[in-house]
Undergrad: 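Take a look at the following structure, please.
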Amino acid sequence: MASGLFAQYEAEYCSKATELSSKIEALAGLSPEQRRSSTRELEAAVREAEQLLQRLDMEARSYSPNQARQLLQKAKEFKADLAKLKEDARRAGAGAGAAADTRAELGLAGDYYQTSAGQRERLLTSTDRLNKTSDRIQQGRQQLLETEELGVQILSDLQRQRETIMHSRDTLHTVDTHVSRSRQILQTMSRRILHNKLIMWGIILLLLGAIGLVLYAKF
């Protein structure tokens with residue numbers, strides 16, 4: 001999973017996509033003047049979302065190959081989501097204009113949402129908006145859970161690596177102790193060998209001296 005800037009761009013895009021969805025759904029209930037103003041706001045919001053996806057795409061490419069493939073796939077899904085939102089905005093703008101013209105012909109342009117049909121349409125629009133917002137919140141919550149799970153896994157890996165390092169250090173300390181003991185044993189053995197050699201040469205000299213005295217006494 002991602003972290004850092006990618007997660008930040010991802011959260012910003014989800015928020016911007018939710019905002020776009022809300023604005024698109026609200027187009028149907030706006031007057032022509034309000035709709036023109038809202039359309040300009042939609043276009044600005046779409047540009048901001050596209051810029052966020054560009055940053056998100058660049059950030060994904062900075063990860064290792066395995067992570068980059070997963071993150072680029074997620075960026076691709078976001079691009080498809082934005083393309084759908086842009087298409088929804090186009091259709092909503094066209095549909096809202098036609099609906100406004102129809103209501104104007106029926107003499108309901110100003111009071112349409114005071115009628116039962118208008119209230120029902122507003123209720124359906126609000127319900128659909130809430131459902132989509134809930135889906136996005138659920139998606140964001142799932143991503144947070146995945147990020148938390150990844151964090152726990154990383155901490156677990158770090159703990160295992162720490163234990164491995166500690167074990168290696170203990171092993172090295174044990175080896176160093178054994179090497180020191182072996183060195184001491186070798187030094188002791190060397191001293192004993194030298195001492196035995198001195199004793200042997202002393203005995204040889206005494207024997208040679210004794211032989212010399214025996215020969216001297218005879219002659």
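Only a predicted model underlies this, so the values are computations on that prediction, with no experimental measurement involved. Values below: every heavy atom of this structure, side chains too, minus hydrogens, waters and symmetry copies.
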Undergrad: In terms of hydrophobic clusters joined by side-chain contacts under 4.5 Å, are Leu53 and Leu5 together?
TA: yes

Undergrad: Supply the atom-to-atom distance Lys86 NZ to Lys84 NZ, rounded to the nearest 0.5 angstrom.
TA: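 Result: 14.0 Å between the selected atoms.
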
Undergrad: Atom CG in Leu206, atom CD1 in Ile211: separation rounded to 0.5 Å?
TA: 11.0 Å

Undergrad: Please verify the inter-ring angle class for Tyr13 with Phe78; under 30° counts as parallel, over 60° as perpendicular, anything in between as tilted.
TA: tilted

Undergrad: How long is the gap from CZ on Arg47 to CD on Gln51, to the nearest 0.5 Å?
TA: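 Rounded to the nearest 0.5 Å, the CZ-CD separation comes out at 8.5 Å.
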
Undergrad: Could you measure the distance from the CD atom of Gln187 to the OG atom of Ser182? Nearest 0.5 Å is fine.
TA: 11.0 Å

Undergrad: What I'd like to find out is whether the side chain of Arg55 reaches to under 4.5 Å of the side chain of Met58, using heavy atoms alone.
TA: no

Undergrad: Given the rule in the side-chain contact (heavy atoms from CB on, under 4.5 Å) test, do Ile185 and Met189 qualify, once you have shown the distances and angles that lead to the verdict?
TA: CA-CA 6 Å; Ile185 292 172; Met189 292 175 65; 3.9 Å; yes

Undergrad: What I'd like to find out is whether the side chain of Leu172 reaches to under 4.5 Å of the side chain of Asp176, using heavy atoms alone.
TA: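 No, side chains not in contact.
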
Undergrad: Could you give the distance from CG (Leu72) to CG (Leu56), rounded to the nearest 0.5 Å?
TA: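 The distance works out to 9.0 Å.
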
Undergrad: By salt bridge (Lys or Arg N to Asp or Glu O under 4.0 Å), which residues pair with Asp57, not counting sequence neighbours?
TA: Arg61, Lys79

Undergrad: Do Leu20 and Asp88 come within less than 4.5 Å of each other through their side chains, counting heavy atoms only?
TA: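 The answer is no; the side chains never approach within 4.5 Å.
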
Undergrad: Looking at Glu19 and Lys16, does any basic side-chain N land under 4.0 Å from a carboxylate oxygen?
TA: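 Yes, Glu19 and Lys16 are salt-bridged.
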
Undergrad: Please answer whether the main-chain N or O of Ala17 pairs with a side-chain N or O of Ser21 as donor and acceptor at a distance below 3.5 Å.
TA: no

Undergrad: Between Phe6 and Glu59, what is the shortest heavy-atom contact and its length?
TA: N-CG, 3.6 Å

Undergrad: Tell me the closest heavy-atom pair linking Ala68 and Ala60, and the distance in Å.
TA: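 Of all heavy-atom pairs spanning Ala68 and Ala60, the closest is CB-O, 3.4 Å.
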
Undergrad: Side chains of Ser15 and Glu12: closer than 4.5 Å at any heavy-atom pair?
TA: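 No. Closest side-chain heavy atoms not under 4.5 Å.
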
Undergrad: If hydrophobic clusters are built by linking Ile, Leu, Val, Met, Phe, Trp and Tyr wherever their side-chain heavy atoms come under 4.5 Å apart, do Trp201 and Leu208 end up in the same one?
TA: yes

Undergrad: Determine, using the 4.5 Å side-chain heavy-atom cutoff (strictly less than), whether Leu207 and Tyr216 are members of one ILVMFWY cluster.
TA: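 Different clusters: Leu207 never reaches Tyr216 through Ile, Leu, Val, Met, Phe, Trp or Tyr contacts under 4.5 Å.
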
Undergrad: Taking C-beta and beyond as the side chain, do Asn66 and Gln70 meet within less than 4.5 Å on heavy atoms?
TA: no

Undergrad: Checking the side chain of Thr171 only, and the main-chain atoms of His167 only, is there a donor and an acceptor separated by less than 3.5 Å?
TA: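 Looks like yes, one N/O pair under 3.5 Å.
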
Undergrad: Stepwise, does the salt bridge (Lys or Arg N to Asp or Glu O under 4.0 Å) test hold for Glu87 with Arg90?
TA: CA-CA 5 Å; Glu87 179 62 19; Arg90 186 188 67 77; 2.5 Å; yes

Undergrad: Please round to the nearest 0.5 Å and tell me the distance separating atom CG of Leu198 and atom CE of Met200.
TA: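 If we round to the nearest 0.5 Å, Leu198:CG and Met200:CE are 9.0 Å apart.
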
